[in-house]
Amino acid sequence: MIAPLAPPMALLAELTHRCALKCPYCSNPLELERRSAELDTPTWLRVVDEAAALGVLQISFSGGEPMLRPDLPILVARAAERGLYTNLITSGVGFAPEALQRVAEAGLDHVQLSVQGVEDAAADHVSGLRGSAAQKRRLAAEIARLGLRLTLNAVVHRGNVAQIPALVRLAEDWGAARVEIAHVQYYGWAVENRGRLMPTRAQVETATADLAAERARTAGRLVIDAVLPDYYASYPKPCMGGWGAQNINVTPSGRVLPCHAAETIPHLVFDNVRDRPLAEIWRESATFNAYRGTDWMREPCRSCERRERDFGGCRCQALLFAGDAAATDPACRLSPLHDVLLAVAERDSASEAGVYAYRGYARS
Ligand code: SF4
Ligand code: FES
């Protein structure tokens, strides 16, 4: 018997790709969407309504920098009115910290603030904007003043992975309840910069020990979530909690994706909220059904006992290495490409590649 399809738990509303920062590992696509293509306020309000009706529990307003959308308080207010848990994912840069008050008053539940490191000059170098670290500090102070719940998003890579204990202390200093130590995920911009970002195996081992020590030190006070690079792992991560299982992403222009990198899979066609209701897209679209569940799997995933735990890993990483999104994620030791993935990690972690390819509109 086929189990009834559960609604998505979370919707990521990418309100804009505009952002003052140029992080070389940005999860936005290489071809950024321009302001003229962005959904208007009534359409986003309809998306919020449709998400709530579909059964979504949490909406994250993201980007780019979502604070650059003047209608953010209106969207947050509508989401709160519809009973959704509201989360703001912000760079903390490119707007006055006081602007957050209106968003908070609209009913914002939670903020995720990203940092590039604990030393200003190095963090500014990664973000591509001088003064960005100082701006983030000012926003952190405003978040504390407003009494908003805070998660610090610390993106780590070869250049700052040794700072994990210091990043955890920064989260404590800023009054965060949670810190997410997320290693760069290698899609899009991060693939372009893999030779500058990939840590060595020794660095990952040290990071794992640092995380254990920090978890023990802060137990009961701070939640530490961590994602380390799966290039050195034996098994893949259950990417997105399974394709079309828990998450739905809407891009600035309204395309609906099962994950942020799904547009790298060339044969998929993405529906748009301008043309089709969200519930219909979730349930019926060929794209959401393409890798849902386990029926699409081939060997070795098809008969593997872990298939409902990791769902064969990440479709976008499978595409990147195998040229086939239905292949086993090469992060799995059972994939015929596992050694290739490892060799790439070892090569790139030893690379002396020069300057970052910063995120930007130049390609469009
Ligand atoms: Fe996961 Fe497939 Fe590897 Fe099994 S064979 S562990 S299901 S990726
Ligand atoms: Fe697309 Fe993992 S990022 S499935």
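Every value quoted in this text rests on a predicted model; they were computed, and no experiment measured them. Each ligand, and each atom within it, is numbered from 1 in the order the structure gives.
Ion pair Glu142/Arg145 flagged as a salt bridge, since at least one NZ, NE, NH1 or NH2 atom sits closer than 4.0 Å to an Asp/Glu carboxylate oxygen. Note on Arg35 versus Glu38: no salt bridge recorded, every NZ/NE/NH1/NH2 to OD/OE distance being 4.0 Å or above.
Contact of the Leu12 side chain with the Asn247 side chain is not registered, since no non-hydrogen atoms from C-beta on lie closer than 4.5 Å. Counting heavy atoms from C-beta on, the side chains of Asp310 and Asp329 never come closer than 4.5 Å.
No close placement of the His17 and Tyr361 rings is indicated, their centers lying 6.0 Å or farther apart.
The salt bridge (Lys or Arg N to Asp or Glu O under 4.0 Å) search around Arg158 returns none, not counting sequence neighbours. Every residue two or more places apart in sequence or in another chain that forms a side chain to side chain contact (heavy atoms under 4.5 Å, CB included) with Thr41 is listed here: Leu45, Arg69, Asp71, Ile74, Leu75.
Under the 30°/60° scheme for interplanar angles, the aromatic rings of His110 and Tyr85 are found to be tilted.
Protein N/O/S atoms found under 2.8 Å from atom 3 (Fe) of ligand 1: Cys332 SG. Under 2.8 Å from atom 1 (Fe) of ligand 2, one finds the following protein N/O/S atoms: Cys259 SG, Cys316 SG.
Enclosure of atom NZ in Lys22 is not indicated, since only 12 or fewer non-hydrogen atoms of other residues, nucleotides or ligands lie within 6.0 angstrom.
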